[in-house]
Every structure is written in structure tokens, then in C-alpha cells.
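Remarks on the structure that follows.
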2 protein chains.
Amino acid sequence: MANIDEIAKLAGVSVSTVSRVLNHHPYVSESKRAAVQRVIDEMDYTPNRSAVDLIRKETRSIGVILPFNNNQAFDQLLHGVLSRSVELDYSVMVLPTRYDAEKELKYLNMLKNKRLDGIIITSRSNTWDAIVPYTKYGTIVTCELTDRPEIGCAYVDRYASYVDTFQLLKDKGHSLVAFTIARGEESNSTQLTIKAYQQVFGDIPEEYLVRDCYSMDDGLRAAQELLHLKVRPTAVYANGDEVAAGIYQYARSLQLRIPEDLALIGQENQPVGMGLHLSTVDHQLAKVGEKAFDLVIKNSRGKVEIPYHILVRQSIND
Amino acid sequence: MANIDEIAKLAGVSVSTVSRVLNHHPYVSESKRAAVQRVIDEMDYTPNRSAVDLIRKETRSIGVILPFNNNQAFDQLLHGVLSRSVELDYSVMVLPTRYDAEKELKYLNMLKNKRLDGIIITSRSNTWDAIVPYTKYGTIVTCELTDRPEIGCAYVDRYASYVDTFQLLKDKGHSLVAFTIARGEESNSTQLTIKAYQQVFGDIPEEYLVRDCYSMDDGLRAAQELLHLKVRPTAVYANGDEVAAGIYQYARSLQLRIPEDLALIGQENQPVGMGLHLSTVDHQLAKVGEKAFDLVIKNSRGKVEIPYHILVRQSIND
DNA sequence: ATGAAAGCGCTAACAC
DNA sequence: GTGTTAGCGCTTTCAT
């Protein structure tokens with residue numbers, strides 16, 4: 001591929017002039033601009049991006065740190081990020097950690113070596129103490145609330161959301177309420193779910209907490225565990241609509257009526273829940289992703305709260 | 001951030017020596033290597049990636065072109081790509097087109113401006129004639145079979161797969177077979193599904209073909225259309241397990257028995273189908289993604305076929 | 001084994 | 001308006 005020097009030579013101008021037309025600067029005579037453009041077209045020339053990034057000290061690329069890409073929730077966040085990035089002509093790298101703290105730091109290092117202008121952390125494995133130093137090299141935005149002033153946040157008040165949901169169930173007359181979670185206790189949202197439960201109902205009966213739930217299949221397993229207990233829960237709060245759908249399915253196979261025999265509520269308002277009339281808590285993850293993107297490219301440390309919505313559908317009794 | 005000159009100066013060596021230790025070259029005395037390393041650590045130095053890419057003329061980054069990221073099938077492909085990329089220390093950019101041909105070309109241009117070493121096309125909007133010229137600038141691998149010699153392919157023989165599946169249904173005694181598709185007729189797999197159907201059953205009754213199916217919700221809609229027909233199909237081939245699950249759900253709500261009253265088979269072996277004992281055709285999309293990645297970084301134009309598996313579970317009669 | 005120096009392809013300050 | 005030139009931060013001959 002030709003370079004800018006060659007274009008300049010062929011057009012009979014200096015490289016600065018070529019650079020100017022490339023970057024749509026004013027103060028270029030129409031005749032020269034046209035001449036340069038013609039040569040550019042003829043030679044099928046495109047500026048080398050590494051050279052531009054090197055001198056501009058920015059890449060118009062951002063990264064998204066997530067544990068897995070094949071997960072509904074992270075996929076929604078990513079979707080939000082991508083929507084905005086396409087509009088604003090940014091590129092996005094997907095940085096999957098599998099909850100490996102080492103790898104996470106390696107990704108953060110892409111700010112330092114100027115490969116990325118910013119990074120969105122959708123879920124982290126490191127402590128903030130380990131992460132914050134990297135803000136020196138680029139913008140870091142996270143999808144949970146932290147009071148670290150160096151970190152931008154696009155977040156949902158999960159604790160309030162969980163409390164609200166459990167309270168709703170309680171208000172509907174349920175005292176035997178089970179719930180499902182994804183990872184074990186080290187995860188942020190898991191911790192908050194547990195705290196919220198305790199806040200509303202007090203102690204958690206060990207058998208009312210089902211771990212490692214991600215898919216509909218896990219929902220079936222969870223229901224299998226829960227619905228054969230001597231003291232069967234009368235309501236379940238699932239950590240996702242897929243999981244809720246699995247529970248629904250299993251309950252129906254047992255001839256249980258929803259919501260009369262079992263009330264059910266999921267999360268994230270996924271299509272899977274719509275036709276089943278499952279209630280759900282929509283944390284608006286795509287919107288969180290969009291907002292996180294906006295923060296990161298504005299180099300903002302703002303804390304932006306995204307509202308959640310509890311959608312009560314037929315799977316909850318009146 | 002410090003640069004390589006500064007490190008050289010502080011370590012009392014030349015920049016070449018610093019570069020050598022950075023790149024683990026031989027022929028550096030242990031004493032100097034140690035001295036340089038110490039300064040690097042002290043200064044917390046990391047080489048600028050744009051400068052390295054510029055001179056090396058490669059980025060160790062690849063792109064994945066897909067229409068949407070929030071879609072099970074593309075997500076599986078992406079998952080395969082990411083698995084391998086993490087192992088081999090490559091970065092991957094997600095390039096969502098929404099089937100916009102212009103945008104697709106813009107993405108392909110990232111090969112030309114040396115931002116990406118290669119691109120994986122999981123689904124395309126342009127003709128091969130428009131795409132092939134970009135192979136001059138980087139490797140292009142696709143997830144469908146094309147005989148263009150410049151393009152590497154990691155693909156499943158979809159036509160054979162679809163014919164096999166329809167034939168299986170026919171062998172089980174079904175002559176009233178409906179099916180669902182995603183996009184309209186311009187999509188490659190849709191076209192092949194239609195051709196396969198005609199090959200096995202002849203003409204397609206218009207009402208046995210349901211379009212725009214992506215999620216479980218769409219499956220419910222499809223079932224609603226199909227199961228109230230005067231001549232109800234006795235089997236449905238869904239273009240995904242989520243869609244199949246929706247159909248299952250609706251059929252059950254009508255008290256139809258699966259498979260006695262309605263045989264059902266989906267695609268992609270998703271968790272949603274497992275607990276429902278839905279039969280499925282596993283096109284091994286994650287494996288396709290992995291293989292596509294391997295081709296692209298080997299700069300290979302190979303054509304690699306990935307086998308598909310028909311998993312017969314309870315949703316099909318004997 | 002080590003260093004000097006020539007780029008890689010581009011932008012922008014400065015001079016005219 | 002336009003050109004000259006000094007970098008940006010690095011790798012890699014080519015000497016020594």
C-alpha cells in the first residue's frame with residue numbers, strides 16, 4: 001500500500017496538504033484538495049491506523065471486560081455498548097476473563113500500552129485497589145456502584161431492586177420464598193441478593209438457596225431440588241428469566257399451578273419469559289451498557305443510576 | 001509514560017539492547033538484561049502498542065463480523081472464536097453490521113488500514129465479488145462454504161444437515177412438516193432450508209413456513225399460527241432450540257402430546273432444549289468459531305468442514 | 001554482545 | 001494557503 005509521501009508526490013503537493021485533506025482541515029484550496037483526492041482514489045489509499053494512533057495518542061477503541069460472552073446478562077450489556085459504539089464510530093474489543101484476576105489485569109494493561117482508550121468492567125475479579133491505578137492510563141467505567149472517585153459507574157441499584165422484589169413477594173403473602181443465584185458468594189449481585197433476602201425475611205433456610213444457575217436447564221434442576229422439599233416454597237425469585245422458565249416448566253410437569261401453587265419472578269425481561277407470562281425485574285442491562293459507553297468516551301467519572309422496573313405478569317398472584 | 005529511550009538512558013545501554021530484552025532476544029549479557037529489567041520494573045514501563053504494530057506491520061487482533069451480537073447462534077460462534085483467542089493471546093473486535101452492506105465494507109477496510117490482521121465473516125451482506133478484493137490486505141475466513149480460493153472456510157454442510165433432518169422426519173412417517181426460519185429468503189441458511197424441504201417433500205405449503213423466528217417468544221407465535229390450521233402439521237423443524245421450546249410450550253398448553261401429536265426438532269443444542277428433551281441438530285457453532293479462528297491466524301485459505309450431529313431425544317417419535 | 005542510525009507512516013507546529 | 005521539519009515510540013539492519 002502506498003503511503004502519504006507517495007500520494008503527496010503524485011499529487012504534486014506536500015504531505016501536510018495531503019494530511020489536511022485527509023482530516024478535512026480548512027485552508028486547503030479547492031484545486032489542490034481535488035487533485036489530492038483524485039490521487040487518493042486512484043491509488044486506493046487508506047491511512048495507516050497504527051501510525052495515526054501513535055501520533056494522536058488515542059485509538060477510538062474501547063474494551064469490555066466480562067467473565068463470559070455466552071451469558072444472557074453480559075450479552076445484553078455488550079449489546080448496549082455495541083449499539084452506541086456503532087453510532088459513534090468506535091471499535092470495541094471483547095475481553096473475556098473467566099473470572100481470572102490475572103487476565104483481568106492484563107486487559108487493563110491495554111490502557112497503559114495505549115491500545116485502548118477506555119475499558120468497561122461489567123464484572124470484576126480484582127479489588128478496586130488493584131484496578132484504580134490503571135485509571136492513570138485511560139478511562140475505566142464499571143457497571144456497579146463504587147464510591148471510588150476515579151471510576152465512572154453506570155449501574156442499577158441492585159440492593160434496592162432485590163429488596164423491592166422480596167418485599168413484593170412478602171406483601172403478596174409469601175413467607176416461604178426461595179431464590180437462585182449464579183456464582184457463589186464472591187459475586188457482587190449474589191451478595192446483595194442474600195443481604196436483601198435477610199433484610200426482608202431474616203435467616204435463609206439453606207435449602208431455599210440454589211447456586212450455579214445460568215440457563216433454563218439449571219432452572220429445571222433448581223425446581224427439582226426445591227419442589228420436592230418437605231416444606232415447599234410458595235414463591236421463587238430466579239436470577240434470570242431463563243432460569244425462571246425452567247422452574248416454570250418443571251412446576252407445570254408436576255401439575256402445579258402458577259401462580260396459585262407457586263409464584264415466580266425472574267430477571268432481565270428476556271423474550272423467553274414473555275410468552276410464559278413470567279413476572280420479571282428488568283434491570284435494563286442494554287441501557288446500562290449504552291450509558292457505560294457514553295461515560296467511557298466522555299472520559300467521565302460520573303455515577304449514573306439506571307432505574308429498574310418490576311414487571312408483574314401472571315406468574316405472581318394478586 | 002516513559003519511552004524506550006528513557007529506559008535505555010537510565011539503564012546505561014542503547015535502545016537496541018532494551019528492545020532486545022523486551023523481545024527476549026538472545027545475545028544479551030545477563031548483567032545488562034538484569035539492569036534493563038530493573039529499570040523497566042522501576043519505571044513501570046510498557047511498550048507502546050501502536051508503535052510496535054506500526055513497525056511490525058501486524059496487530060495480533062482480528063475482527064468478527066456478525067449481524068447482531070444478541071443472538072444465540074452468533075453468540076456461540078463468537079464464543080468459539082474467543083476461546084481460542086484467549087489461549088493464543090489475540091484480541092478480537094466485534095463488528096456488528098445489522099446486515100448493512102456499507103458498514104460491512106467499512107469493517108473490511110480495517111484490514112487495509114492495518115488495524116486488523118484478519119476478519120471472520122459469520123454472515124455477510126455483500127457479494128463475494130465485493131469482499132474478495134480485501135483479501136489482498138489480510139486474511140478473510142468465512143463460516144459458510146464458498147469456492148472462492150482466496151477465502152478460508154470453517155463451515156457445516158447445512159444443506160446435507162437440513163436434508164437429513166427432513167428425511168428423518170419423513171422416515172418417521174411425517175408428511176405434514178412445517179418449519180421456521182429467521183430472516184427472509186435472502187439468508188443463506190434460509191435458502192438452503194427451503195431447498196432441502198423441497199428436495200424431500202416437494203412444494204412448500206405457504207402456511208407451513210413461519211418467518212422471523214429468533215426467540216422462544218417467536219416460537220409461541222409460530223405455534224399459534226401452525227397449530228390452529230385446518231390441516232395441522234404433525235412435525236415442526238424449528239430454526240433454533242429456543243424457538244422449538246416456544247412451540248413446545250404452546251403445544252402443551254393446547255394439551256397436545258409431544259411427540260405423539262406433534263414431533264419437534266430444533267437446532268444448536270442449547271441448554272433450553274435439554275431439560276425439555278427436545279431433539280436438535282447440533283451444528284457445533286462454537287467449534288466452527290474455533291476453527292475459523294485457527295484458519296485466520298494461520299493465514300489459511302483452507303476449507304474445513306465441521307460435522308453436524310442430529311440428537312434424537314424424546315420430542316421425536318420412534 | 002552492543003550501539004548508531006535508518007526508517008515505519010503519520011500529524012502538527014512553525015515558517016513563509 | 002502551503003511546505004519544511006521535527007517528532008510519535010519502536011524494531012532492525014549493519015557495523016564494530
Side-chain angles (χ1 to χ4, degrees), chain A residues 1-40 43-61 109-117 137-138, chain B residues 1-40 43-61 109-117 137-138:
Chain A
M1 256 278 292
N3 63 19
I4 198 174
D5 283 288
E6 192 173 345
I7 303 298
K9 200 158 298 165
L10 290 173
V13 300
S14 73
V15 295
S16 349
T17 300
V18 177
S19 178
R20 288 190 185 101
V21 350
L22 246 21
N23 297 288
H24 307 100
H25 281 204
Y27 308 127
V28 182
S29 70
E30 197 36 50
S31 65
K32 301 225 172 195
R33 152 162 281 121
V36 169
Q37 192 56 57
R38 190 157 34 71
V39 176
I40 286 177
M43 303 296 294
D44 196 27
Y45 164 77
T46 307
N48 180 303
R49 186 60 182 257
S50 298
V52 174
D53 288 351
L54 172 59
I55 197 161
R56 288 226 180 109
K57 293 168 190 336
E58 68 158 33
T59 60
R60 288 186 79 81
S61 300
N109 205 59
M110 296 172 90
L111 295 174
K112 191 161 150 196
N113 67 24
K114 302 226 157 304
R115 225 183 168 200
L116 256 25
D117 296 344
Y137 310 113
Chain B
M1 254 277 295
N3 63 19
I4 199 173
D5 282 288
E6 191 173 345
I7 303 298
K9 200 159 298 166
L10 289 173
V13 299
S14 73
V15 295
S16 344
T17 300
V18 176
S19 177
R20 288 189 185 102
V21 349
L22 245 22
N23 297 288
H24 307 101
H25 282 203
Y27 308 128
V28 182
S29 71
E30 196 36 50
S31 63
K32 301 223 173 200
R33 151 161 281 122
V36 168
Q37 191 57 57
R38 191 158 32 72
V39 176
I40 286 177
M43 302 297 293
D44 195 29
Y45 165 77
T46 306
N48 179 303
R49 186 61 182 257
S50 298
V52 175
D53 288 351
L54 172 59
I55 198 160
R56 288 226 181 110
K57 293 164 189 339
E58 67 157 34
T59 60
R60 287 187 79 81
S61 301
N109 205 58
M110 297 173 88
L111 295 174
K112 192 162 149 197
N113 66 24
K114 302 227 156 302
R115 228 187 166 195
L116 255 27
D117 296 345
Y137 310 112

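Sequence lines set the chain letters: A, B, ... in the order given, protein chains first and strands last, and positions in each chain run from 1.
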### Message
Distance check needed: C/dG9 C1' versus B/K112 NZ, whole Å only.
### Response
16 Å

### Message
I'd like to know if the side chain of B/D53 and the backbone of A/S50 have a donor-acceptor N/O pair within less than 3.5 Å.
### Response
no

#### Entry: Neighbours of DNA chain D within residues 46-58 of chain A, by heavy-atom distance under 4.0 Å
A/L54, A/I55, A/K57

#### Entry: Atom pair CZ/CZ of B/R60 and A/R115 - distance to nearest 0.5 Å
9.0 Å

#### Entry: Selection: residues 21-37 of chain B, any non-hydrogen atom under 4.0 Å of DNA chain C
B/Y27, B/V28, B/S29, B/K32

### Query
Is it true that B/K112 and A/D44 have a side-chain N and a carboxylate O under 4.0 angstrom from each other?
yes

### Message
Nearest 0.5 angstrom please: B/H25 NE2 to B/L22 CG, how far?
### Response
9.5 Å

### Query
Atom CG in A/L10, atom CD1 in A/I40: separation rounded to 0.5 Å?
11.0 Å

### Task
May I have the distance from A/M43 (atom CE) to C/dG9 (atom C1'), rounded to whole angstrom?
15 Å

### Message
Check this for me: does any side-chain nitrogen of one of B/K9 and B/D5 sit under 4.0 Å from a carboxylate oxygen of the other?
### Response
no

### B/R49 CZ to A/N109 CG distance, which is reported to the nearest 0.5 Å
10.5 Å

### Task
Let me know the distance between CD1 of B/I4 and P of D/dG7, rounded to the nearest Å.
18 Å

### Query
Given atom CZ of B/R20 and atom C1' of D/dC14, what is their separation to the nearest angstrom?
11 Å

### Task
Specify the separation, in whole Å, of atom CZ of A/R115 and atom C1' of D/dG9.
16 Å

### Query
Quick one: B/N3 CG to D/dT11 C1', roughly how many Å, whole number?
14 Å

### Task
Using heavy atoms and a sub-4.0 Å distance, could you list which residues of residues 6-19 of chain A are near DNA chain C? By number, please.
A/S16, A/S19

